[in-house]
Amino acid sequence: MFHSKERFHKITEEQAGAFTFGFHIILRDGMADFVWVVRENGELLLGEPWSIYSRRLIDVNYRIKKPVFGTYEDLEDILKTAGKGE
């Protein structure tokens, strides 16, 4: 589902008790950005792109670059890789 106001694709949501876990994709200017979203009883706890987590969990200077695509085939490869957790 595409949210035009916030310009992201809502891919999935899973409910586990009071928690909802979501995954969103932002496609802009030939780059893909992946976002994890966590809510507790509807209240947003976490909603950041993957690039932020590397700085918080690994090192403040560690950067995960956004994948760049030029064709639909490139984008398909990016999405397959992200789905596998590679």
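Just so it is clear, the values below take in all heavy atoms, side chains as well, and ignore hydrogens, waters and symmetry mates.
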- request: Under the side chain to side chain donor-acceptor pair (under 3.5 Å) rule, what do Gln15 and Thr20 come out as? Steps first, then yes or no, please.
  value: CA-CA 5 Å; Gln15 189 74 35; Thr20 304; 2.8 Å; yes
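Salt bridge absent: Glu43 and Arg39 never bring a charged side-chain N and a carboxylate O closer than 4.0 Å.
Note: the hydrophobic cluster containing Leu27 also contains Trp50 (ILVMFWY, side chain heavy atoms under 4.5 Å, direct or indirect links). The hydrophobic cluster containing Leu46 does not contain Ile52, counting ILVMFWY residues as joined when their side-chain heavy atoms lie under 4.5 angstrom apart, directly or transitively.
For the side chain to side chain contact (heavy atoms under 4.5 Å, CB included) with Val37, the lone residue among Lys10, Glu48, His24 that qualifies is His24. Checked options Leu75, Ile78, Ile11; the residue passing with Ile25 is Ile11 (criterion: side chain to side chain contact (heavy atoms under 4.5 Å, CB included)).
Applying the 6.0 Å contact sphere to OH of Tyr62 captures no more than 12 heavy atoms from other residues, nucleotides or ligands.
Separating the NZ atom in Lys65 from the OG atom in Ser51 is a distance of 12.5 Å, to the nearest 0.5 Å. Annotation: the span from Ile26 atom CD1 to Met31 atom CE amounts to 11.0 Å, rounded to 0.5 Å. Going from atom CZ of Phe69 over to atom CG of Leu79 covers 8.5 Å, rounded to the nearest 0.5 Å. Here Phe21 contributes atom CZ and Trp36 contributes atom CH2; the two are 11.5 Å apart, rounded to the nearest 0.5 Å. In this structure, the separation between OH on Tyr53 and CD1 on Ile64 is 11.0 Å, given to the nearest 0.5 Å.
When side chains are defined from C-beta on, Asn41 does not count as touching Phe19, because their heavy atoms never get closer than 4.5 Å.
Without hydrogens or angle criteria, Asp59 side chain to Asn61 main chain gives a donor-acceptor distance under 3.5 Å.
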